[in-house]
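Letters go in sequence order (proteins before strands), and every chain restarts at 1.
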Amino acid sequence: SPARELTQNPLQKTWEPYDNGLPAGHSAQRGVCMTNCPTLIVMVGLPARGKTYISKKLTRYLNWIGVPTKEFNVGQYRRDLVKKYKSFEFFLPDNEEGLKIRKQCALAALNDVRQYLSEENGHVAVFDATNTTRERRETIYKFGEENGYKTFFVESVCVDPEVIAANIVQVKLGSPDYVDCSNDEATEDFMKRIECYKNSYETLDETFDKDLSYIKIMDVGRSYLVNRVMDHIQSRIVYYLMNIHVTPRSIYLCRHGESELNLKGRIGGDPGLSVRGKEFAKSLAEFINEQNIKDLKVWTSQMKRTIQTAEALGVPYEQWKVLNEIDAGVCEEMTYEEIQENYPLEFALRDQDKYRYRYPKGESYEDLVQRLEPVIMELERQENVLVICHQAVMRCLLAYFLDKPAEQLPYLKCPLHTVLKLTPVAYG
Amino acid sequence: KVDAERKKTFVLKMPMELTQSRIQKIWLPNDNRPALPRRSCGPQLANSPTVIVMVGLPARGKTYISKKLTRYLNWIGVPTKVFNVGEYRREAVKHYSSYDFFRPDNEEAMKVRRQCALAALRDVKLYLTEEAGQIAVFDATNTTRERRGMILNFAKENGFKVFFIESVCNDPTVVASNVMEVKLSSPDYRDCNSTDAMEDFMKRINCYQASYQPLDPDDYDRELSLIKVIDVGRRFLVNRVQDHIQSRIVYYLMNIHVQPRTIYLCRHGESEFNLKGKIGGDSGLSNRGKKFAFALNKFVEEQNLKDLKVWTSQLKRTIQTAEALQLPYEQWKALNEIDAGVCEEMTYEEIREQHPDEFVLRDQDKYYYRYPSGESYQDLVQRLEPVIMELERQENVLVICHQAVMRCLLAYFLDKSADEMPYLKCPLHTVLKLTPVAYGCRVESISLNIEAVNTHRERPEEAKKGPNPLMRRNSVTPLASPEPNKKPRINSFEEHVAVSSALPGCVPQEVPTQLPGQ
């Protein structure tokens, strides 16, 4: 039988087969199918070991690269059920009432996991709880199997008292549990809370758990144990977890100075800076000097306007082609008026779905995200970085850091001559 | 006084004046400041040179990992070379007699082996300090703390970073299989039969067992940067990854596997633009191209593969080709043909007429040459890296792509340098079947016997003298994994199989139709 005819999707410009004039069921994928069956990520570890930090960060990353992910924090379910937290005694191993409630919360969360993965098109669910006993992990693993999910455990192990104390200060003192307590009271209570878990803590074991898929993170990333990575998404997750760190630092994002084409209202191209753009570059140099940043790395695209801007700083910089502005294809160097005149359909389509819209012979925001992923990965590895880029590119990067969904991404405000300074704090 | 003058000049003149390099289209400052290390594609992959130190008993895959990793690093543009101490030993001791050489009480041999290790380290130093090498892979057992301590001191003296890769495997089936795959054919055993060789080798392994001190990241080796690969990748222990390149190395090692499988590379069927001699664009298949698609379907069926994945680009011609297979396929934008920028949809004549300078430049340095508003082969390699990574994870895959893209992928599998890559022969209507074997890749070229135009342009005579170093100011030339110092290359095997048994009447050579200007 003859091969099916292809038709080009007007929005994304992808070629899809059709039967009798209707698009056939075959979807044009952006890249590798990252998940075939849903994945359940199970956090493991004593309190204040960074489980929620990892859960939220990983969820943010996966969503940004296009894998629908959601976290389920059992502590949150507990707070919803037990309106007022009294003390660490709730967590005592012999508190039967407490145990019952906690198990109930875990099951409620798992139920929501099932709904998300099996009914709401979720691909990855992150089950954020201590999960420190084999018994609890066994329950969860069985749940995963019954529902056809792959299970991947992420354990955080840390014995350094300084790290734990710092975690408590960062995220526990401000918890709703301790809203009526002084810092000292809260810390004391929380330390006792951790003790409640210690006796029954069964860490993931080389022999007992040899058939499970997991990563064990030790001492905030000094070392890792990785067992039985099953598929692409688990491999990506491991790579991500191994690149993130918690050292304080700042990321500066800005666009190139105003360009000659900006002045003419034209998009794209490879123009140089306008007079005002050059002024901005000099001001940026002053600003950076004043910030007195230790070991600042400066990155630009390979377009003249970002490089000219960096040149004014008088420091070494690196050019990344993947930081180039979105390719507007046939619309390059046009004004929006000209686009509307010459390509009225394209103009309308872009407003319909600005994230997925791909310029003819050009790119979409969705394409940008894929090409920027290595930049994000390297930003995670680095410490102080200034990224001098472009409007669409900056929106993509910003959406990653601020956890903005695809619908909002193309509309994030990134004006010229404005620097965004990002500093990690607590969970965000 | 001169410096003050220079500084004054710098402040007075307009900063931010840039010129675009002619071949790579990189914007560089006009003044002749000593070139700050600027890389044209991505982060500084490595600043201090790194020595990768393999650790493990014989037949644990150290050389396999060394060679594969070296191939990958060179392909992504990081100059890397393997230093295999066994080869130094073979050079020093012309004839291998038996495992007795490796007995721990054989003082004479111990002396020779130590000399070989030192000789190899001397060459490592030369490579990293004087030959622009970035990474040296020191491939030996390195099973004692004493030996590793010696290497650490050597590295410290020279300002090199050290990263250990240990392969631990106690599964006797795996060990035996490794011995079969790569040891029996070693020069050491050229005069032995398989049984004798196997027996001797097992005794050789035994010589190392008693003194083997595995890496101990929990205690003794907790300050070292290392990865322990356990049971051929079932499990990994990673300690203190220091920098970007070590992170990439870990990621790569965690994605490779040793399952037998086959990778098929081919281009889309002949397209309408191919017929017109036009490059780029997004045209559909010609009639002959459609015939090829059906022939490909038949070919794939006859290969009788378990679970074949099919990948295409997002350009119509590869997708049309895949459609004929009636199998699910995945579209990768990263597999799109090289973007010819302003030259898209032109014939080579038109390019020569309308962009004569560009036409000449491209032939001068085809790997680094970037089309105006387009891409270079170097850009392609960067965009194809995730494809390679996923190919390593997968098993049987058919990649339906394009000429330049296929050349890049092929260069990775066959360990071809940047210089050779743009001239690799990837004709239309021909499938390349790649099978991992021993330390490399066997390639079979199978023409499906459907006529097509020839889109291959040979390297012009004038450009044959090699890349001009002056034009490579800001980038490092990726090399094919360099010749190991004391041994002829055994790392890639190329076979052009004359006849594919799959199709009757199949001929090895394409039947070219020369177009003017090709």
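- Heavy atoms closer than 4.5 Å to chain B are found in the side chain of A/Q8, but not in its backbone.
- Counting heavy atoms from C-beta on, the side chains of B/Q24 and A/Q302 never come closer than 4.5 Å.
- Enclosure of atom NZ in B/K309 is not indicated, since only 12 or fewer non-hydrogen atoms of other residues, nucleotides or ligands lie within 6.0 angstrom.
- Between B/Q382 and A/R371, the side chains place no donor N or O within less than 3.5 Å of an acceptor N or O (distance only, hydrogens not considered).
- With a threshold of 4.5 angstrom between heavy atoms, A/A310 does not approach chain B through any atom at all.
- Between the CG atom of A/L6 and the CZ atom of B/R317 there is a distance of 13.0 Å, given to the nearest 0.5 Å.
- Between B/K333 and A/E363, the closest side-chain pair of non-hydrogen atoms falls below 4.5 Å.
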Derivation of the side chain to side chain contact (heavy atoms under 4.5 Å, CB included) call for A/Q319 and B/I26: CA-CA 9 Å; A/Q319 300 185 17; B/I26 302 283; 3.5 Å; yes
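- One distance of note links OG of A/S235 with CD of B/E390; it measures 8.0 Å at 0.5 Å rounding.
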Stepwise side chain to side chain contact (heavy atoms under 4.5 Å, CB included) check, A/H232 with B/M389: CA-CA 10 Å; A/H232 177 92; B/M389 197 61 88; over 6 Å; no
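- A/N227 and B/R234 share no side-chain donor-acceptor pair at under 3.5 Å.
- Remark: B/L237 CG to A/E206 CD distance equals 8.5 Å, nearest 0.5 Å.
- With a 4.5 angstrom heavy-atom cutoff, A/I215 does not touch chain B via any of its atoms.
- Residues B/D282 and A/W15 come closest through the heavy atom pair OD2-NE1, 2.8 Å.
- Note on A/R222 versus B/E223: no salt bridge recorded, every NZ/NE/NH1/NH2 to OD/OE distance being 4.0 Å or above.
- Heavy atoms of other residues, nucleotides or ligands lying less than 6.0 angstrom from CG of A/D205 number more than 12.
- Applying the side chain to side chain contact (heavy atoms under 4.5 Å, CB included) test to B/D218 and every residue at least two apart in sequence or in another chain returns B/D216.
- Contact annotation for A/Y214: only side-chain heavy atoms (C-beta onward) come within less than 4.5 Å of a heavy atom of chain B.
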Verdict with supporting geometry, B/E345 and A/K361, side chain to side chain contact (heavy atoms under 4.5 Å, CB included): CA-CA 12 Å; B/E345 307 198 25; A/K361 302 189 181 173; 2.8 Å; yes
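- Residue contact with chain B, scored on non-hydrogen atoms closer than 4.5 Å, involves the backbone of A/M303 exclusively.
- Here the side chains of B/W27 and A/E311 are not in contact, with every heavy-atom distance at 4.5 Å or above.
- Rounded to the nearest 0.5 Å, atoms CG (B/L315) and OG1 (A/T14) are 11.5 Å apart.
- Inter-residue side-chain proximity for B/R235 and A/K210 is flagged as unmet; no heavy-atom pair is nearer than 4.5 Å.
- Of the atoms belonging to A/V375, not a single heavy atom falls under 4.5 Å from chain B.
- Using modelled atom types and a 3.5 Å distance limit, the side chains of A/R4 and B/Q320 yield no donor-acceptor pair.
- Rounding to the nearest 0.5 angstrom, the gap separating the CG atom in B/L226 from the OG atom in A/S223 is 9.0 Å.
- Using a 4.5 Å cut-off between heavy atoms, A/R305 does not touch chain B at all.
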Check against side chain to side chain contact (heavy atoms under 4.5 Å, CB included), B/Q20 and A/D270: CA-CA 11 Å; B/Q20 196 177 43; A/D270 194 12; 4.0 Å; yes
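- Residue contact with chain B, scored on non-hydrogen atoms closer than 4.5 Å, involves the side chain of A/R381 exclusively.
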